[in-house]
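See structure below.
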Number of protein chains: 2
Amino acid sequence: MFSKACQYAIRATLFISQKSLQGERVGLKKIAEEIDSPEAFTAKILQQLARNSIIESVKGPSGGFEILDKNLDKIKLISIVEAIDGNQIFDGCGLGLKQCNSAKPCPVHDKFKSIRENLKHMLSTTNIRELATDLSIGNVFLKA
Amino acid sequence: MFSKACQYAIRATLFISQKSLQGERVGLKKIAEEIDSPEAFTAKILQQLARNSIIESVKGPSGGFEILDKNLDKIKLISIVEAIDGNQIFDGCGLGLKQCNSAKPCPVHDKFKSIRENLKHMLSTTNIRELATDLSIGNVFLKA
DNA sequence: TATATAAAGGACAAAAATATCCGAATATAT
DNA sequence: ATATATTCGGATATTTTTGTCCTTTATATA
């Protein structure tokens, strides 16, 4: 469904969100440990997220990553997916046809359309504060 | 969503289905042309499909690929997806966690579950005769 | 039976995704 | 100011996916 990079991105963002809720900033090392991801690769992904203003990065001692409180409501899962994987998953043809639309549809065009609308709706309406709160409560997890 | 190999596999299977409906067997070259896919790569995929009894292959002059009539109803889209991409997309965690289940769910476990159940249901109930018939009628297409 | 045709299969190549390493830039605290 | 902690960014390596090429095998038909 999503690339590994995107999965790491979501996991990292949620972990940072959770820490930001507690007023804490976290560094790369801690993030990679807590979400069980390769550190250097995660660094690249965090840079992308920072460039897309999904997270904030602070250099130097006591630096790290955080998310502005106002953004915890504003940032939806779809923002992360689009920043990392683009919108191919929402807009591209399910069978990979370059040209596929309601005027000239592929054989599964309509069937896929509704599935992807569901997915898009879910990702568009799920904000990260909600998920980070669930994490803090402790009934959902980011690693085994 | 699906790998390119899987997209080619579905397109190829539908084209072969359509021809089989007309009692015709088709060769690799024609298939690759008609679904606009790389020929040699498509050959590998057709082999996989044949090994999984989704299509039949016949060597030698007037050989090629076909689908048994009785299988046109039996073979669902999900058979093709599972043969090529496996069932990671249905069973794997949306965030890539190795261990993720209702007892120890990731933050998006439930939200993803329903999306994937939709997808699985759609793929499990769509048979290839139906799609091949649509193709023959000419209101859906396999290439631009 | 010989020949031509078509898929099968193995080895290889290219491209993309994933992952690592290291020096540069920058901010903090002493 | 200086030392230190931390992200940034470029280069490179590895793995996976996608794609190609060539030889072998099977088979229809002349």
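As the structure is a computational prediction, the values presented were derived from the model and not from experiment. Every chain is numbered from 1, with letters handed out A, B, ... down the list of sequences.
The distance between atom CG of Asp85(A) and atom C1' of dA16(C), rounded to the nearest whole Å, is 13 Å. In this entry the distance linking CD of Gln47(A) with P of dA24(C) reads 17 Å, nearest Å. Counting to the nearest Å, the C1' atom of dT17(D) and the CZ atom of Phe41(B) are 7 Å from each other.
Counting only heavy atoms from C-beta outward, the side chains of Leu46(B) and Ser57(B) never approach each other to under 4.5 Å.
Ion pairing between Asp91(B) and Arg116(B) fails under the 4.0 Å rule for side-chain N and carboxylate O.
Listed nucleotides dA19(C), dA7(C), dT7(D) differ in distance to Phe65(B); the shortest reach to its side chain belongs to dA7(C). Closest to the side chain of Lys59(B), from the set dT7(D), dT4(D), dA26(D), is dA26(D).
Contact between the side-chain N/O atoms of Lys4(A) and the OP1/OP2 oxygens of dT16(D) is not found at any separation under 4.0 Å. Between Ser57(B) and the phosphate of dA8(C), there is a side-chain N or O to OP1/OP2 separation shorter than 4.0 Å. Between dT20(C) and Lys44(A), no contact under 4.0 Å exists linking OP1 or OP2 to a side-chain N or O. Phosphate proximity of dT18(C) to Tyr8(A): absent, as no side-chain N or O sits under 4.0 Å from OP1 or OP2.
Contact annotation for Leu46(B): no contact, since no heavy-atom pair falls under 4.0 Å across all strands.
A donor-acceptor contact shorter than 3.5 Å is absent between the side chain of Arg11(A) and the backbone of Lys143(A). Remark: the backbone N or O of Met122(B) is paired with a side-chain donor or acceptor of Thr125(B) at under 3.5 angstrom.
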